[in-house]
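Here is the structure we will look at, set down as structure tokens.
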Amino acid sequence: MKTKMIASPKTIHPNLYKIDRNLNALVQKIELLNYINPTNIEQEKRNFFSSKYNVAPNFKYRRIDFDAHKLQQHLFSQDIDSINDEESRTFFREVIYDYSSLIQCIETIGQGNKFYYNALKAFGTPTDKDVENAKFILHFTDDEHDSEMLPMYNADEAAAYFREFVKRYDFELNIKFSNKISAAAMVQNNTKTLILKKNHRYSSNQLKVLANHEIGVHLVTTFNGINQPLKIFYNGFPKNVETQEGLAVFSEYMSNCLTLHRLKELAYRVIVADSLRRGFNFCDTFDLLHNQYKLNREEAYNISLRAHRGGGFTKDYTYLTGLKKVYDRYHNGKNLNNLLSGKVSLDYVHIVTKWQEQELAEENRYSNLAFNSNENKNEKLDFILKNLK
């Protein structure tokens with residue numbers, strides 16, 4: 001009697017695997033954050049401050065090291081119609097449009113409105129409701145500062161903290177230092193590296209925030225994505241930024257290190273992204289934050305920089321919108337596991353479940369330990385997050 005052979009998912013879905021592999025080979029260099037951060041941040045900050053905030057920074061950017069036009073051609077030459085399953089076919093078509101938008105962003109960095117319109121296509125812009133939510137947050141009185149908020153630790157001490165934190169996982173943590181990033185820390189997905197801002201001073205609270213945000217979510221989803229059979233989990237679902245940043249800030253909330261000050265920072269990012277739509281230049285945005293909202297000049301500069309890099313980068317408003325969506329999902333009793341299976345987006349979380357049933361996706365190797373229990377002690381944050389529209 002012959003043993004019946006059970007077909008593997010690769011045998012059942014050969015064209016889906018083929019297109020997934022092809023896209024993986026094509027998109028290795030499409031990591032927008034590698035190109036969007038100016039290379040002369042610190043020099044231009046000094047110039048801006050010495051000009052008494054009157055001369056806008058002249059940012060320089062890394063040259064792109066791929067042929068954007070040729071890459072677009074290869075993307076759109078994929079035989080998407082060869083994928084039998086209609087839902088997966090539609091998904092991969094959206095993937096190609098999404099990656100195409102990111103390429104257009106990268107090739108127009110530093111070109112003013114050209115870049116801004118491409119950023120709008122890739123990330124959108126805040127709605128009136130988003131702006132109202134941001135203003136609602138800004139009405140609340142700041143919590144009293146405690147010693148946890150004092151900037152005491154240099155980048156080497158921060159690196160030691162993160163190396164200790166990552167011991168709860170069994171993946172390697174690569175750390176690099178740079179003065180060419182706009183954030184205090186960021187994860188570079190394609191090199192699986194945590195990059196720390198070399199000249200930054202970190203508070204105890206910020207170390208906890210960054211550990212739970214960058215390692216607990218961004219690196220967990222990177223390594224979960226690597227372990228999936230399909231490379232799209234690692235390279236990124238369409239419009240995944242809002243979901244991934246929402247999860248990362250929610251991780252701060254669950255681990256009891258999200259503060260009202262941090263939530264207000266996310267609200268200012270929404271206000272500033274909206275100011276781009278209204279035609280504000282760098283000096284206008286800085287004036288709005290520093291003189292009208294009374295932020296200190298360092299905070300005002302950093303938030304303005306994040307919004308104006310490239311020519312007008314709207315991505316930052318999605319931290320708050322993503323947080324609200326993830327917060328509501330959690331408090332409605334819905335599982336977050338599939339959102340951690342890679343660079344997944346809420347709009348396509350249903351396809352993860354479907355692919356798991358078809359053995360095209362596997363259970364997560366890593367989980368975010370902060371999601372195991374809600375440690376938030378700040379009732380004011382809960383009141384705010386529940387009442388966002």
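Hydrogens, waters and symmetry mates are skipped; everything else that's a heavy atom, side chains included, is used. The shown structure was predicted, so the numbers you read here are calculated from the model rather than taken from an experiment.
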Practice task
Return the set of residues passing ring-ring contact (aromatic ring centres under 6.0 Å, His included) with Tyr234 (not counting sequence neighbours), or none when no residue passes.
Solution key: none
Fill in the blank from the handout: Applying ring-ring contact (aromatic ring centres under 6.0 Å, His included) to Tyr61 and not counting sequence neighbours gives none
Exercise for the section: Please step through side-chain contact (heavy atoms from CB on, under 4.5 Å) for the pair Leu23 and Asn235, ending with a clear verdict. Expected result: CA-CA 9 Å; Leu23 291 176; Asn235 291 318; 5.8 Å; no
Exercise for the section: Measure up the Tyr202 and Phe162 rings against each other and bin them: parallel (under 30°), tilted (30 to 60°), perpendicular (over 60°). Expected result: perpendicular
Exercise for the section: Indicate the ring-plane relationship of His331 and Tyr327, choosing parallel, tilted or perpendicular according to the 30° and 60° boundaries. Expected result: tilted
Using distance alone, with no hydrogens and no angle criterion, decide if [X] and [Y] have a side-chain donor and acceptor under 3.5 Å apart.
{"X": "Asn118", "Y": "Glu107", "answer": "no"}
{"X": "Thr321", "Y": "Glu242", "answer": "yes"}
{"X": "Asn47", "Y": "Glu44", "answer": "yes"}
{"X": "Asp65", "Y": "Tyr35", "answer": "yes"}
{"X": "Asn84", "Y": "Asn15", "answer": "no"}
{"X": "Glu298", "Y": "His290", "answer": "no"}
{"X": "Gln104", "Y": "Lys121", "answer": "yes"}
{"X": "Asn378", "Y": "Tyr253", "answer": "no"}
{"X": "Gln43", "Y": "Asn40", "answer": "no"}
{"X": "Thr191", "Y": "Gln188", "answer": "yes"}
{"X": "Asp130", "Y": "Thr127", "answer": "yes"}
{"X": "Gln244", "Y": "Thr221", "answer": "yes"}

Problem - Residues clustered with Leu120, ILVMFWY side-chain links under 4.5 angstrom - result: Tyr116, Tyr117, Leu276
How long is the gap from [atom1] on [X] to [atom2] on [Y], to the nearest 0.5 Å?
{"X": "Leu323", "Y": "Leu263", "atom1": "CG", "atom2": "CG", "answer": "6.5 Å"}
{"X": "Asn212", "Y": "His218", "atom1": "CG", "atom2": "NE2", "answer": "12.0 Å"}
{"X": "Ser251", "Y": "Lys208", "atom1": "OG", "atom2": "NZ", "answer": "13.5 Å"}
{"X": "Lys334", "Y": "Asp328", "atom1": "NZ", "atom2": "CG", "answer": "10.0 Å"}
{"X": "Arg163", "Y": "Leu194", "atom1": "CZ", "atom2": "CG", "answer": "9.5 Å"}
{"X": "Leu320", "Y": "Ile137", "atom1": "CG", "atom2": "CD1", "answer": "4.5 Å"}

Problem - Residue pairs passing the ring-ring contact (aromatic ring centres under 6.0 Å, His included) test where at least one lies in residues 367-389, sequence neighbours excluded - result: Phe250-Phe371
Exercise for the section: Kindly determine whether Ser203 and Leu150 satisfy side-chain contact (heavy atoms from CB on, under 4.5 Å), including the steps that lead there. Expected result: CA-CA 5 Å; Ser203 69; Leu150 296 174; 5.6 Å; no
Could you check, using the six-membered ring where one of them is a Trp, whether [X] and [Y] have ring centers closer than 6.0 angstrom?
{"X": "Tyr53", "Y": "Tyr301", "value": "no"}
{"X": "Tyr17", "Y": "His13", "value": "no"}
{"X": "Phe91", "Y": "Trp355", "value": "yes"}

Minimum heavy-atom distance between [X] and [Y], given as atom pair plus value:
{"X": "Glu157", "Y": "Met152", "result": "OE1-O, 4.0 Å"}
{"X": "Gly279", "Y": "Asp284", "result": "O-OD2, 4.4 Å"}
{"X": "Ser182", "Y": "Asn37", "result": "OG-OD1, 3.1 Å"}
{"X": "Ala300", "Y": "Phe286", "result": "CB-CE1, 3.6 Å"}
{"X": "Phe282", "Y": "Ala56", "result": "CB-CB, 4.2 Å"}

Scan [range] for pairs that pass salt bridge (Lys or Arg N to Asp or Glu O under 4.0 Å), counting only residues two or more places apart or in two chains.
{"range": "residues 49-60", "answer": "none"}
{"range": "residues 185-199", "answer": "Glu42-Lys197"}
{"range": "residues 378-389", "answer": "Glu132-Lys389, Asp143-Lys380"}

Partners passing salt bridge (Lys or Arg N to Asp or Glu O under 4.0 Å) against [X] (at least two apart in sequence or in another chain):
{"X": "Lys377", "answer": "Glu375"}
{"X": "Arg262", "answer": "Glu252, Glu265"}
{"X": "Glu363", "answer": "none"}
{"X": "Arg278", "answer": "Asp274"}

Taking [X] for its side chain and [Y] for its backbone only, find out whether a donor-acceptor pair lies under 3.5 Å.
{"X": "Asn154", "Y": "Arg201", "value": "no"}
{"X": "Thr243", "Y": "Leu346", "value": "yes"}
{"X": "Arg89", "Y": "Ile83", "value": "yes"}
{"X": "Ser100", "Y": "Ile96", "value": "no"}
{"X": "Ser88", "Y": "Asp85", "value": "no"}

Practice task
Determine whether more than 12 heavy atoms belonging to other residues, nucleotides or ligands lie under 6.0 Å from atom NZ of Lys324.
Solution key: yes
Problem - Other residues, nucleotides, ligands: >12 heavy atoms within 6.0 Å of Tyr97 OH - result: no
Exercise for the section: Look at the side-chain heavy atoms of Ile, Leu, Val, Met, Phe, Trp and Tyr, link any pair under 4.5 Å apart, and say whether Leu196 and Met186 land in one connected group. Expected result: no
Practice task
Kindly indicate, with the supporting measurements, whether the criterion side-chain hydrogen bond (donor to acceptor under 3.5 Å, both in side chains) is fulfilled by Thr222 and Lys343.
Solution key: CA-CA 7 Å; Thr222 291; Lys343 304 301 177 183; 3.1 Å; yes
Practice task
Assess Arg269 against Tyr319: is NZ or CZ under 6.0 Å from the centre of the six-membered ring, and within 45 degrees of the ring's axis?
Solution key: yes
Problem - Worked verdict on Asp20 versus Lys231 for salt bridge (Lys or Arg N to Asp or Glu O under 4.0 Å) - result: CA-CA 6 Å; Asp20 179 70; Lys231 305 294 185 187; over 6 Å; no
Exercise for the section: Using a strict 4.0 Å threshold on nitrogen-to-oxygen distance, state whether Asp98 and Lys239 make a salt bridge. Expected result: yes
Problem - side-chain hydrogen bond (donor to acceptor under 3.5 Å, both in side chains) involving Gln78 - partner list, sequence neighbours excluded - result: Asn22
